[in-house]
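Below you'll find the structure, written out as structure tokens, and then a few comments.
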Amino acid sequence: MSPRHLPRLRTWYLLRYPALSPRPRRPEMLSPLTRVLIVALIGLSALLGIYFSRRQNVQKARGGRISPPKVAWLFYAVFLWFLLCPVVAMDPALHPGLRLVLGSFGACMWVRGIAELYMLYVSFNWKPPYGIGHDVLCILLILSGLSWHHELFSGPLSRMDMWALSLIALVLVSLFIEVMYATLFFQAVEGHTTGEDGVWFADEEQARFQRINRITFACNIPLYAGLAGLLAVALGFAV
């Protein structure tokens, strides 16, 4: 075969076996824009946490007072589920399958957030079992997405793919913990979460919430440590 036929043969071979075609190399770090957004969202979440704590505990807003461990947990979940996952899902450094899993989860959480706010502040009929059901749905959504993209685990993973899988693992752990919290809270308030005088948060004074607050404080430590480690890698402060 003459050399002039080699390019044509290579083209035919790659069309015949597309899986063997060279793939574009993905970045080894999140983009500068993604990193700037993450830092901005960390600051925004902290400010919202301070404002919300003051609103509930000083101004005595609807839903009742809220303890410091519960404020820390609430805005941990808001940052992780509603902000961080959707932002990193748009970054090209991650495998498309992982981006789809994180993006689908983030979209599912935003739908839940809008519905929950309406049921809390407008229709006054939110119940923790609704959230528990949604948490279970999200767990199944994530596991199904990982199973669908099982080819991820058939070869070596990039640095950012390992990071994204660690982030997804943290999300799964937090969802299981949220199911536990919601169950304990619903039992503690004996279902009294609806109506204009419904209780939505655990305060630090009532005896019925002491156990929940102790568990939340204990869980917050490893959860924040895990998130801090992931953020350090994402922002380039750790390998």
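Remember, predicted model here, so these are calculated numbers, not experimental data.
Note: Phe201 and Phe185 fail the aromatic proximity criterion, with ring centroids not under 6.0 Å apart. You'll find the ring centres of Tyr118 and Phe124 outside the 6.0 Å limit.
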Candidate pair Ser174 and Trp81, rule side-chain contact (heavy atoms from CB on, under 4.5 Å), full reasoning: CA-CA 9 Å; Ser174 67; Trp81 299 344; 2.9 Å; yes

Step-by-step side-chain contact (heavy atoms from CB on, under 4.5 Å) determination, Arg214 to Phe217: CA-CA 5 Å; Arg214 285 196 301 269; Phe217 178 81; 5.9 Å; no

Audit row: Leu227, Phe79, side-chain contact (heavy atoms from CB on, under 4.5 Å) steps and yes/no: CA-CA 10 Å; Leu227 179 60; Phe79 174 77; 3.9 Å; yes

Worked verdict on Leu167 versus Leu80 for side-chain contact (heavy atoms from CB on, under 4.5 Å): CA-CA 9 Å; Leu167 175 63; Leu80 178 62; 3.6 Å; yes

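Residues Phe237 and Leu231 have side chains not in contact (no heavy-atom distance under 4.5 Å, counting atoms from C-beta outward). Contact annotation: the side chain of Met160 never approaches that of Leu98 to less than 4.5 Å [non-hydrogen atoms, C-beta and beyond]. The closest side-chain heavy-atom distance from Arg112 to Leu117 is not below 4.5 Å. When side chains are defined from C-beta on, Leu223 counts as touching Leu170, because their heavy atoms get closer than 4.5 Å. Between Tyr51 and Leu47 there is no side-chain heavy-atom pair separated by less than 4.5 Å. Counting heavy atoms from C-beta outward, Leu172 and Ile142 have side chains that approach closer than 4.5 Å. Counting heavy atoms from C-beta on, the side chains of Asp135 and Met109 come closer than 4.5 Å. Val78 is not listed as a side-chain neighbour of Leu48, based on a closest heavy-atom distance of 4.5 Å or more.
Within a 6.0 Å sphere centred on CZ of Arg54, heavy atoms belonging to other residues, nucleotides or ligands number 12 at most. Heavy atoms from other residues, nucleotides or ligands lying under 6.0 Å from CZ of Phe176 number 12 at most.
No side-chain donor-acceptor contact under 3.5 Å links His192 to the backbone of Phe186. Put simply, the side chain of Trp110 gets close to the backbone of Phe82: a donor and an acceptor are under 3.5 Å apart. In this structure, Thr194 contributes its side chain and Lys127 its backbone to no donor-acceptor pair below 3.5 Å. Side chain of Asp203 to backbone of Ile66: no donor-acceptor contact under 3.5 angstrom is found. Under the 3.5 Å distance criterion, the side-chain polar atoms of Arg99 are left unmatched by any main-chain donor or acceptor of Leu94. In terms of modelled atom types and a separation under 3.5 Å, the side chain of Ser166 and the main chain of Met162 share a donor-acceptor contact. The closest donor-acceptor contact from the side chain of Asn220 to the backbone of Pro69 lies under 3.5 Å. Between the Tyr181 side chain and the Trp73 main chain, no donor and acceptor come within less than 3.5 Å of each other. Listed for the Arg35 side chain is a donor-acceptor partner under 3.5 Å among the backbone atoms of Leu30. With hydrogens and angles ignored, the 3.5 Å screen pairs no side-chain donor or acceptor of Ser147 with any backbone N or O of Leu143.
Neither Val179 nor Leu184 shares a network with the other; the hydrophobic side chains, linked directly or stepwise wherever heavy atoms of I, L, V, M, F, W or Y lie under 4.5 Å apart, form separate groups for each. Under the 4.5 Å side-chain heavy-atom criterion for Ile, Leu, Val, Met, Phe, Trp and Tyr, Ile50 and Val39 are members of distinct hydrophobic clusters.
When every heavy atom of Trp163 is checked against every heavy atom of Val233, the shortest pair comes out as CD1-CG1, 3.6 Å. Cys85 and Val171 make their closest contact through SG-CG2, 3.7 Å (heavy atoms, listed as atom of the first residue, atom of the second, distance). A pairwise comparison of heavy atoms in Gln210 and Glu205 identifies NE2-O, 4.5 Å as the closest pair. Val71 and Gly49 get closest at one heavy-atom pair: CG1-O, 3.8 Å. Residue Ile212 comes nearest to Ala188 through the heavy atom pair CD1-CB, 3.9 Å, listed as atom of the first residue, atom of the second, then distance. In terms of heavy atoms, Cys138 sits closest to Cys108 at SG-SG, 3.8 Å.
How far CG of Leu146 is from CG of Leu165: 6.5 Å, rounded to the nearest 0.5 Å. To the nearest 0.5 angstrom, Ile139 atom CD1 is 10.0 Å from Glu178 atom CD. Remark: Phe209 CZ to Ile215 CD1 distance equals 13.0 Å, nearest 0.5 Å.
Annotation for Val36: hydrophobic cluster partners, listed by chain and number, are none (ILVMFWY side-chain heavy atoms under 4.5 Å, direct or chained).
Evaluation of the ring-ring contact (aromatic ring centres under 6.0 Å, His included) rule for Trp200 yields Tyr121 as partners, not counting sequence neighbours.
Of the N and O atoms on the side chains of Asp161 and Ser158, at least one donor lies less than 3.5 Å from an acceptor on the other residue.
Salt bridge annotation for Asp197-Arg62: absent, with no cationic side-chain nitrogen under 4.0 angstrom from a carboxylate oxygen.
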